[in-house]
Amino acid sequence: MARSRSVAGQMFLLQLLIVLLLVVAAVVTLVLQARSDRFQAARDRSLAAAQTFAHSPGLVDTLRGPDPSKVLQPLTEAARKEAGVDFIVVTDRNGVRYTHPRPELIGKQFIGTIAPSQAGHVTIESVHGPLGEEVQAVVPVEDDHGNVVGLVSSGLKVSSVSSAVDRQLPLVLAAGGAALALATGGAALVSRRLRRQTHGLGPSEMTRMYEHHDAVLHAVREGVVIVGGDGRVLLANDEARRLLDLPPDVEGRPVTGLGIDPRMAELLASRRVANDEVLPVGDRLLAVNNRPTDRRGGPPGSVATLRDSTELRALAGRAEAARERLKLLYDASVAIGTTLDVQRTAEELTQVSSPRFADYATVDLAEPVLRGDEPRMLGAGSEAPELRRVALSGTPDDHPLYRAGEVHRFAAPTPQATGFVSGKAILVPDLAASAGWRTQDVERTQEILDYGFHSLITVPLKARGVLMGIANFWRAQSSDTFEEDDLSLAEELAARAAVCIDNARRFTREHAMAVTLQHSLLPRGLPEQNALDIAYRYLPAQAGVGGDWFDVIPLPGARVAMVVGDVVGHGLHAAATMGRLRTAVQNFSSLDLPPDELLGHLDELVGRIDQESAGLDEEAPIAGATCLYAIYDPATGVCAMARAGHPLPALVHPDGSVEFPELPAGPPLGLGGLPFEAGELQLAEGSSLALYTDGLVEDRKRDIDAGLAILRDTLARPGRTPEETCDAVISALLPARQRDDIALLVARTCRLPADRSAEWELPSDPAVVSRARADVTQQLSDWGMDEAAFTTELILSELITNAIRHASGPVRVRLLRDRALICEVADGSSTSPHLRYAAAEDEGGRGLFLVAQLAERWGTRYTPEGKVIWAEQPLP
């Protein structure tokens with residue numbers, strides 16, 4: 001059973017008394033309000049009935065009629081009953097009644113105030129009329145001109161309304177009793193909860209508890225300040241008084257008038273949430289936590305706790321500096337070495353270092369490093385080599401430091417030379433006090449000091465035992481001086497950059513070697529020939545060499561072969577494979593094979609090479625290489641082509657129109673299984689052929705169809721030389737970042753003039769040999785080559801005789817004057833004669849030996865109809 005002396009019991013009695021008083025006050029208020037509502041209801045109903053009847057149609061005309069009472073009396077009674085009022089009375093302008101619920105009062109003077117209504121106003125009043133105490137409203141009746149022609153009054157006895165309210169009074173009292181019962185139960189629940197929270201303590205016990213808590217509050221080493229909703233200090237413990245230097249009478253004074261730091265005063269008075277917000281107060285750094293007290297229905301105000309974090313701030317500052325250094329090193333590991341370019345890697349080091357670590361950062365490298373070579377080894381006492389400044393970063397740009405690109409040599413006493421030779425980092429905290437630093441260039445060093453540079457760290461760039469250059473970190477103007485802790489960070493930055501620079505240097509050297517090998521395997525120049533006017537471009541990839549290649553090969557009969565190919569992959573293996581394929585094509589072309597047969601032999605060769613290297617993991621297969629082989633004959637204007645997985649060539653007609661002729665598409669080399677097919681094009685003189693590799697028209701940012709469209713538009717410009725065409729094509733299609741080799745071959749066709757060739761067809765009869773010799777002699781005489789007649793007669797005699805003796809059908813003889821005198825004898829046999837030594841007793845075998853001795857070159861090529869034996873002689 002609860003003790004009334006406890007806080008819970010006292011609170012229960014207090015709450016019960018308060019609720020009882022509230023219920024009584026509510027009932028009294030409701031009764032008074034009910035009376036007021038009765039009068040208001042009577043007033044509103046009377047006014048509505050009077051206004052409605054006063055504005056009814058025809059009322060004005062009725063009032064001006066001969067007998068208004070006769071017409072209006074039944075109407076007012078009907079309206080009175082419908083509206084629920086006690087009376088509706090119509091009078092003339094002077095207040096004489098026309099109607100009344102009691103007919104005996106008709107014609108008598110209206111009881112009430114009518115003067116305002118006669119002036120056009122509505123009058124509402126309480127009167128004691130013939131029916132008792134009434135609330136009546138008087139409304140004027142106006143004609144169309146606003147003249148008052150009569151009055152309408154409606155009234156209601158207050159007792160008629162109050163009866164409804166009185167009937168509700170028992171319900172109101174019952175509701176009050178229920179509210180009292182509910183409040184009593186609620187107070188009992190609150191009292192029980194309070195009893196649990198206070199453990200049944202009485203006021204004295206609660207007082208002792210408060211005193212104990214107050215003692216603890218003032219004893220803690222953390223300041224506590226409680227501020228009320230009006231911005232005045234409610235409580236400040238001893239620690240808060242000490243930290244904020246508060247006066248003894250601080251309680252009750254406004255926060256803004258305590259003379260503390262304005263930021264601290266603003267925070268305490270603002271009631272905003274703060275989490276360990278550090279504010280300076282005098283020579284202290286205070287960590288402040290602030291919380292409003294009215295979040296969960298509490299009183300307005302805030303509670304702030306204060307901690308002296310001066311020492312913690314110093315530790316946090318050092319931790320923050322360490323974190324920034326770790327972040328700088330992480331960013332450097334990501335930003336430095338993104339490319340395998342020596343200069344770009346050096347620039348990345350300076351850009352990461354400035355301005356986060358130094359105001360200016362420079363990198364100087366030895367000249368051999370830029371070429372990919374190792375600088376010479378330095379011995380004891382050696383001086384620093386000549387260095388080139390390859391990177392500089394810092395703002396503004398009006399500094400007196402060596403500019404990027406300048407070559408200089410640091411003098412022996414300077415920190416740069418000392419660090420480079422010793423391989424150790426050097427810290428110069430005060431440049432003005434460093435005498436050895438001034439020996440480099442007295443005037444320039446003075447300009448550097450005058451500019452504001454005051455501190456320097458120089459670190460050698462060394463990786464894998466190779467000393468490549470130095471990195472210099474400068475601080476100027478108002479920046480802090482370099483300290484010993486900064487030296488380790490500079491060394492770490494330089495060490496990471498040195499490894500990346502060395503990787504780039506090695507790549508530069510290997511790339512240069514691969515490019516050198518690649519160029520050594522490509523044609524050194526174009527062979528001399530008259531069939532085609534040729535220009536070419538070969539651009540190796542920026543990131544590494546590939547296997548693209550081309551070749552121009554003169555063939556017998558003034559013909560020229562053109563070949564363009566692409567080996568899959570990049571690097572030395574691709575370049576070496578390209579050289580093997582180019583050599584194979586040259587060897588196969590010496591057999592004077594048609595394009596489809598040559599590609600068939602080349603495909604078989606690639607397949608054999610892949611089989612041989614199948615067990616070697618370090619060698620990638622060649623299968624997938626592409627090739628386009630074309631043979632142009634200037635005598636006929638026919639160009640025969642075959643391709644193995646290679647893009648179609650572009651044909652530019654003399655009028656400038658461009659097409660990509662449809663050639664049979666063979667599989668890439670090395671896949672095997674399918675034959676190659678050749679196609680022939682009849683080319684007009686002045687036509688151009690553009691042979692290229694896919695690196696020209698295909699890129700990561702551009703598909704091959706878009707590249708071919710650009711190529712078509714670029715080639716459609718008649719009148720340009722092959723050299724100009726190559727320049728235009730490369731300018732239009734070269735990507736910003738070339739990732740693949742590009743080979744381009746542009747050939748403009750020429751025709752062999754008709755007066756430079758002669759052709760005869762001879763029957764298979766030995767008697768025609770003498771006639772053929774005579775015809776050839778005459779042709780040579782016409783060409784002014786009489787001195788070559790004897791040799792040519794002997795060669796043709798032997799070739800024609802062999803054709804007649806060993807073949808069947810007619811024999812065709814053709815004589816061509818190009819860069820050499822070419823004799824060709826064609827027959828229908830596919831059997832080729834062989835050169836051999838004839839014994840003394842042999843009757844034959846000496847003809848071809850004689851031909852080989854007299855001609856500069858000779859050979860055999862096969863045609864669909866048979867073969868052609870040819871021999872070339874130098875022009876006299």
Side-chain angles (χ1 to χ4, degrees), residues 322-358 360-378 382 384-394 404 410 415-427 456-474 482 484-514 542-544 570-572:
R323 189 188 70 82
E324 288 295 330
R325 293 186 177 188
L326 288 176
K327 189 176 187 304
L328 176 60
L329 289 176
Y330 171 77
D331 294 341
S333 66
V334 174
I336 300 176
T338 59
T339 66
L340 289 173
D341 180 81
V342 173
Q343 181 168 348
R344 179 57 190 157
T345 304
E347 292 172 352
E348 290 169 346
L349 170 60
T350 60
Q351 291 169 0
V352 168
S353 304
S354 172
R356 296 172 61 181
F357 175 64
Y360 291 85
T362 63
V363 173
D364 306 319
L365 297 177
E367 288 285 354
V369 176
L370 300 176
R371 300 190 300 267
D373 300 328
E374 293 186 6
R376 63 182 181 84
M377 298 299 294
L378 300 175
S382 299
E386 195 173 61
L387 302 176
R388 178 181 297 275
R389 178 145 295 174
V390 296
L392 186 150
S393 180
F410 289 108
Q416 293 91 334
T418 303
F420 189 89
V421 174
S422 65
K424 297 181 180 178
I426 303 295
L427 168 63
L456 165 69
I457 292 180
T458 179
V459 186
L461 297 173
K462 185 176 182 180
R464 302 182 184 95
V466 178
L467 191 58
M468 299 170 290
I470 56 172
N472 300 310
F473 304 97
W474 308 79
F482 280 125
E484 287 294 332
D485 292 343
D486 298 319
L487 190 61
S488 60
L489 178 58
E491 289 176 331
E492 184 66 24
L493 287 172
R496 298 191 179 199
V499 173
C500 296
I501 291 176
D502 188 54
N503 290 337
R505 178 190 66 82
R506 289 167 175 258
F507 173 79
T508 301
R509 180 183 61 187
E510 294 177 0
H511 184 262
M513 293 172 56
Q542 296 178 2
H570 292 83
L572 291 175

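Throughout, numbering of the chain's residues begins at 1 and tracks the sequence.
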Taking all non-hydrogen atoms of both residues, which atom of [X] and which atom of [Y] are closest, and how far apart?
X: Ala494; Y: Pro460; value: CB-O, 4.5 Å
X: Leu456; Y: Phe482; value: N-CD1, 3.8 Å
X: Ala497; Y: Ile336; value: CA-CG2, 3.9 Å
X: Ala463; Y: Ala498; value: CB-O, 3.6 Å
X: Leu349; Y: Leu493; value: CD1-O, 4.0 Å
X: Thr345; Y: Asp341; value: OG1-O, 2.7 Å

For the backbone of [Y] and the side chain of [X], can you confirm whether one donor and one acceptor N or O come within less than 3.5 Å of each other?
X: Arg505; Y: Met468; result: no
X: Gln351; Y: Ser393; result: no
X: Ser353; Y: Thr350; result: no

Rounded distance [0.5 Å steps], [atom1] in [X] versus [atom2] in [Y]:
X: Leu392; Y: Thr362; atom1: CG; atom2: OG1; result: 6.0 Å
X: Leu340; Y: Thr508; atom1: CG; atom2: OG1; result: 7.5 Å
X: Ser488; Y: Leu427; atom1: OG; atom2: CG; result: 10.5 Å
X: Phe357; Y: Ile457; atom1: CZ; atom2: CD1; result: 4.5 Å

Do [X] and [Y] touch side chain to side chain, with heavy atoms closer than 4.5 Å?
X: Pro375; Y: Val369; value: yes
X: Val390; Y: Val342; value: no
X: Arg464; Y: Asn503; value: yes
X: Asp486; Y: Phe473; value: no

Identified side-chain contact (heavy atoms from CB on, under 4.5 Å) partner of Ile470 from the options Leu461, Val459, Leu387, Val363: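 Checked Leu461, Val459, Leu387, Val363 against Ile470; only one passes side-chain contact (heavy atoms from CB on, under 4.5 Å): Leu387.
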Glu492: side chain to side chain donor-acceptor pair (under 3.5 Å) partners, not counting sequence neighbours: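 Side chain to side chain donor-acceptor pair (under 3.5 Å) list for Glu492, sorted by chain: Arg496.
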Of Gln416, Arg388, Arg389, the residue whose pairing with Asp364 passes side chain to side chain donor-acceptor pair (under 3.5 Å):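 Per the side chain to side chain donor-acceptor pair (under 3.5 Å) rule, the option paired with Asp364 is Arg389, out of Gln416, Arg388, Arg389.
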Contacts of Lys327 that satisfy salt bridge (charged side-chain N to carboxylate O under 4.0 Å, His left out) - sequence neighbours left out: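 If we apply the salt bridge (charged side-chain N to carboxylate O under 4.0 Å, His left out) test to Lys327, skipping adjacent residues, the hits are Asp331.
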